[in-house]
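Working notes, structure below.
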Amino acid sequence: NYRSLQQIVEFNNSTMSQVAAIENTLLNSKLDQALTESAISKTLHSELYDAIKSAYRTENLVQTPKRKHKHEGFVSVTAHYTPQPDIVGKVREIIHDRGFDPCDITILVRTRGEAESVAKVLLDAGMEDPTMRFGIMTQEALKLNSSPIVQFILAVMRYAVDRRDRVSLAIYNRYLYNFDLYRTLTDDEVEFFDTLKNCSPEQAFEKIMIRHHNLFKGQSAYTEALHENIIKYCNTKVADLSLFLKWWSDNGGERSVNIDKDRNAIEVMTIHKAKGLENKVIIIPYCTWKFMPEAIRPTTIWTKPTDGSGIENMIFPVQSTSVAANSIFAEGYYKEYIYSHIDAINLLYVALTRPKEQLHIFFPAPPKKKEDDEDNSALPSESNVGELIYNVLNMESLRDKEDDNKDIIYTFGEFDSPIKQTDNNDNSISLSDIPITEYSMKLALSSLRYQQALEAGGTTARDEGIALHGVMERSGSRE
């Protein structure tokens, strides 16, 4: 391993070896039981037996740390009793206490929904605390419609077009005046809405930005993305405000923020997208994905029945739920069951091997035991990967374990500052706000340039269209 520092490699070697061994034992036991109950054939039993062991052989799994440095790397594993992991606290600690740049951090999640949750948590933290105001770069969906500032801008536009739209009025008032949803507009506000009604979408956007510029601090990611979508719409379609709003209702739900990476942006992505990538610090806030197929979501498997009733050569779509395990489609179910477990472990391996200097893992702590409960903390669980990691760590004698009744924290190595780079040539510029000027003050170029462009040469259909546009513009009458 030429990427990760020593402590990370050693943690991964130990954890993944035990995770693979535990899962292999559990799956073999499951297959033995299915064979005993005649749910699967001996052939399938032999095919699937030791599947995890075959996929994660020791000689392939255990890596030798090749990257040498006086910093040995750092791993923290937090089993939290709180409903949600303290993502903001960990990011604050990494950036403000240890000196990492926001771009040094990648947050890995399992689903797009988790990516949205992480992005929202960080953006909300930035609104409350200016020192936590960072850009969020995500290859996943950071939906524009989920942003309060975008909702406000669109509500202003909708109410300007339709004064009967009480919902948009309520959104406008709630954003400006808290919960006084149906307050009467002032004469100045009425006049402002009147001016917006006949504006193009781009003009309306900029007038709103100018009038309410104090509301947009720290919201440039969302406002810039909305502005780009408005410009694209106006360049390709009729620049009418009501038509734009209809188009947005049909298409805007899938629009998302897409920010170029800079030093002030934290990256959020799914583990699938992270294959082959790396960063100094990796945070896995929701290390809780399930092993069981139906626990993730029931998938449809195409499989043959095994009851010998004359239809065994036909293929049927079957939901991969536990009901299938006790049916004539059991063999298809057990294949999906084993492969689902392998996929879950593969995801864990990819996530754990992305960091260069630090790895931070979060998952919910198991319920606390009562005094008269049996001590079964070392018993493995197959509910999700987080519980499995917890059981692995509990089997070890760890000196750096802290239980403060809020979190159980395991640490490996020293929580150091970042390793200095000798070739840092980042000249990127990050804008915290969008500069806006009155639409009427913008440079207007005469369409005479079209004719000049044509005279310079060109016979394409586009050039002919430009020439026709110039002729129609200069026409003094219909004749």
Side-chain angles (χ1 to χ4, degrees), residues 123-124 126-128 130 133 135-136 142-163 165-178 180-249 252 255-260 264 429-445:
L123 290 172
D124 288 346
M127 294 182 70
E128 296 176 3
R133 193 168 291 167
I136 308 297
L142 191 58
K143 300 291 178 57
L144 289 180
N145 276 343
S146 67
S147 164
I149 197 64
V150 170
Q151 295 171 7
F152 170 77
I153 294 171
L154 295 173
V156 173
M157 292 180 176
R158 290 190 179 104
Y159 191 70
V161 170
D162 183 4
R163 298 299 174 82
D165 188 346
R166 302 286 290 174
V167 174
S168 293
L169 175 62
I171 294 173
Y172 170 81
N173 281 330
R174 183 181 185 279
Y175 203 90
L176 293 179
Y177 305 101
N178 204 2
D180 191 3
L181 302 184
Y182 298 109
R183 55 174 282 277
T184 303
L185 298 179
T186 65
D187 292 340
D188 178 60
E189 288 175 311
V190 171
E191 182 180 353
F192 175 68
F193 280 109
D194 286 339
T195 62
L196 291 183
K197 184 173 183 179
N198 296 319
C199 289
S200 69
E202 189 174 0
Q203 288 174 316
F205 173 86
E206 293 179 352
K207 285 182 179 292
I208 295 169
M209 289 284 289
I210 292 169
R211 182 178 176 90
H212 300 288
H213 63 89
N214 60 308
L215 301 178
F216 297 91
K217 298 295 184 182
Q219 299 291 317
S220 59
Y222 285 110
T223 51
E224 184 179 348
L226 177 61
H227 194 202
E228 288 176 356
N229 278 279
I230 290 174
I231 292 173
K232 288 178 182 178
Y233 174 87
C234 292
N235 287 340
T236 58
K237 294 177 173 56
V238 177
D240 176 80
L241 188 57
S242 60
L243 293 178
F244 165 75
L245 292 171
K246 183 179 184 306
W247 173 84
W248 185 267
S249 296
R255 305 286 162 167
S256 60
V257 176
N258 185 16
I259 308 174
D260 292 333
N264 201 43
I429 299 175
S430 176
L431 296 179
S432 59
D433 298 293
I434 303 176
I436 294 291
T437 59
E438 286 283 1
Y439 195 86
S440 59
M441 297 173 62
K442 292 191 173 181
L443 179 63
L445 299 177

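Bear in mind that the values here come from a model prediction, so they are computed numbers and not experimental data.
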Would you sort out whether Leu185 and Glu191 count as a side-chain contact (heavy atoms from CB on, under 4.5 Å), showing the intermediate values? CA-CA 10 Å; Leu185 298 179; Glu191 182 180 353; over 6 Å; no
Indicate the atoms forming the closest heavy-atom contact of Arg183 with Asn173, along with that distance. NH1-OD1, 2.9 Å
Kindly write out the residues that satisfy side chain to side chain contact (heavy atoms under 4.5 Å, CB included) with Lys237, not counting sequence neighbours, or none if the list is empty. Tyr233, Trp247
So Asp162 and Arg158, do their side chains get closer than 4.5 Å, heavy atoms only? no
Taking atom types as modelled and ignoring hydrogens, do the side chains of Ser242 and Asp240 form a donor-acceptor contact shorter than 3.5 angstrom? yes
Correct closest heavy-atom pair for Thr223 and Phe205 would be O-CZ, 3.6 Å
Stepwise ring pair (Phe, Tyr, Trp, His ring centres under 6.0 Å) check, His212 with Tyr175: CA-CA 11 Å; His212 300 288; Tyr175 203 90; 8.9 Å; no
Give the intermediate values and the outcome of side-chain contact (heavy atoms from CB on, under 4.5 Å) for residues Leu241 and Lys197. CA-CA 7 Å; Leu241 188 57; Lys197 184 173 183 179; over 6 Å; no
What I'd like to find out is whether the side chain of Asp188 reaches to under 4.5 Å of the side chain of Arg211, using heavy atoms alone. yes
Write down the atom of Cys199, the atom of Ala204, and the distance for their closest heavy-atom approach. CB-N, 3.9 Å
For the residue pair Tyr159 and Asp165, what are the closest heavy atoms and their distance? CD1-O, 3.4 Å
Output the distance between atom CZ (Phe193) and atom CZ (Arg163), rounded to the nearest 0.5 Å. 7.0 Å
What are the two closest non-hydrogen atoms of Leu196 and Lys207, and how far apart are they? CD2-CB, 3.8 Å
For Asp187, I'd like to know if atom CG has over 12 heavy atoms of other residues, nucleotides or ligands within 6.0 Å. no
Quick one: pull up CG in Leu154 and CG in Leu226 and give me the separation to the nearest 0.5 Å. 5.5 Å
Glu228 side, atom CD; Ile231 side, atom CD1 - distance, nearest 0.5 Å: 7.0 Å
Test side-chain contact (heavy atoms from CB on, under 4.5 Å), reference Phe244, set Ile230, Asn229, Val161, output is Ile230
Shortest non-hydrogen separation from Val156 to Tyr172 and the atoms involved: CG2-CD1, 3.6 Å
